[in-house]
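The next block holds one structure in the form of structure tokens; read it before the comments.
Values below: every heavy atom of this structure, side chains too, minus hydrogens, waters and symmetry copies. Not measured: the values here are computed from a predicted model.
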Amino acid sequence: MTKPTTVTEYAAALDHPLREIAEKLQAIVDAALPQPGAVWHGHPVWSLGPAPGKTPVAYFKAYPSYVTFGLWRGQEITDPSGRLEPAARQMAAVKLRTPADIDPDLFATWLRLAHDLES
């Protein structure tokens, strides 16, 4: 099997329910950020620059039983929901096991705040 080169290919290669989670995340992130996502270091990343990795803002990565959705400077975001967990460096992330774990309004707010931190 060849490695996916686009976010759509990455999502399509996943089994359900991970595929549904990835597709839902892709739609939310694509609507919230100005640059399309790209596969960078093996998983989807959304950046402010024209190339992957140029001012990265958000990502998701699939594991066998969940998808991690993260923000590069997520620890700097005020999150009254308490769902964002601190990760490496300034990152914060949330583990998603079903599509119902995604709150589109909350995630769009996180993305807006993350974009503003990088702008």
Side-chain angles (χ1 to χ4, degrees):
M1 175 185 255
T2 61
K3 290 185 179 187
T5 59
T6 67
V7 177
T8 300
E9 289 175 0
Y10 182 93
L14 301 173
D15 291 329
H16 287 283
L18 303 182
R19 179 183 312 146
E20 294 170 71
I21 294 167
E23 290 170 347
K24 193 170 182 180
L25 283 172
Q26 181 181 4
I28 292 167
V29 182
D30 281 346
L33 296 178
Q35 296 289 336
V39 175
W40 185 50
H41 294 288
H43 61 276
V45 174
W46 282 260
S47 302
L48 293 187
K54 179 78 172 163
T55 315
V57 176
Y59 70 93
F60 68 78
K61 185 173 182 178
Y63 294 90
S65 62
Y66 62 89
V67 174
T68 296
F69 170 68
L71 304 165
W72 248 259
R73 292 177 62 187
Q75 291 183 36
E76 297 177 50
I77 292 173
T78 301
D79 176 30
S81 75
R83 291 187 61 194
L84 282 174
E85 297 285 332
R89 296 177 286 281
Q90 298 174 327
M91 295 180 180
V94 60
K95 291 180 181 176
L96 308 166
R97 288 178 170 74
T98 73
D101 291 339
I102 299 171
D103 177 335
D105 293 333
L106 177 62
F107 285 33
T109 298
W110 290 343
L111 288 160
R112 181 181 45 78
L113 294 170
H115 175 271
D116 291 350
L117 284 171
E118 298 295 354
S119 297

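- Contact detail for V39 and G42: the closest heavy-atom pair is CG1-C, 3.8 Å.
- Closest heavy-atom contact between R73 and L117: NH1-O, 2.7 Å.
- A 4.5 Å side-chain heavy-atom check between I21 and F60 finds every atom pair outside the cut-off.
- The shortest side-chain heavy-atom distance between W46 and D30 falls under the 4.5 Å cut-off.
- For the 3.5 Å distance criterion, the side chains of R112 and H115 fail to qualify, holding no donor opposite an acceptor.
- The nearest pair of heavy atoms linking A38 to V7 is N-CG2, 3.7 Å.
- You'll find the side chain of L106 reaches within 4.5 Å of the side chain of D79, heavy atoms only.
- Between the side chain of Q75 and the backbone N or O of M91 there is at least one donor-acceptor pair closer than 3.5 Å.
- In this structure, the side chain of R19 engages the main chain of L14 through a donor-acceptor pair within 3.5 Å.
- No side-chain donor-acceptor contact under 3.5 Å links Q90 to the backbone of W72.
- Considering only heavy atoms from C-beta on, Y59 stays 4.5 Å or farther from W40 through its side chain.
- In this structure, L33 and L111 have side chains that are in contact, with non-hydrogen atoms separated by less than 4.5 Å.
- Annotation: the span from I102 atom CD1 to F69 atom CZ amounts to 8.5 Å, rounded to 0.5 Å.
- The distance from atom CD of E85 to atom OG1 of T68, rounded to the nearest 0.5 Å, is 11.0 Å.
- Closest of all the heavy-atom pairs between P64 and L18 is O-CD1, 3.7 Å.
- In this structure a side-chain-to-backbone donor-acceptor pair under 3.5 Å is present from Y10 to A62.
- Of all the heavy atoms in P56 and E118, the pair that sits closest is O-OE2, 3.7 Å.
- Interatomic distance, CD1 of I77 versus OG1 of T109, reported as 10.0 Å (0.5 Å rounding).
- Taking 4.5 Å as the limit, some side-chain heavy atom of W110 sits within range of a side-chain heavy atom of R83.
- Remark: the backbone N or O of H16 is not paired with any side-chain donor or acceptor of E20 at under 3.5 angstrom.
- Note that CZ of F107 is 9.0 Å distant from CG of L71, once rounded to the nearest 0.5 Å.
- Shortest non-hydrogen contact noted between K24 and P99 is NZ-O, 3.3 Å.
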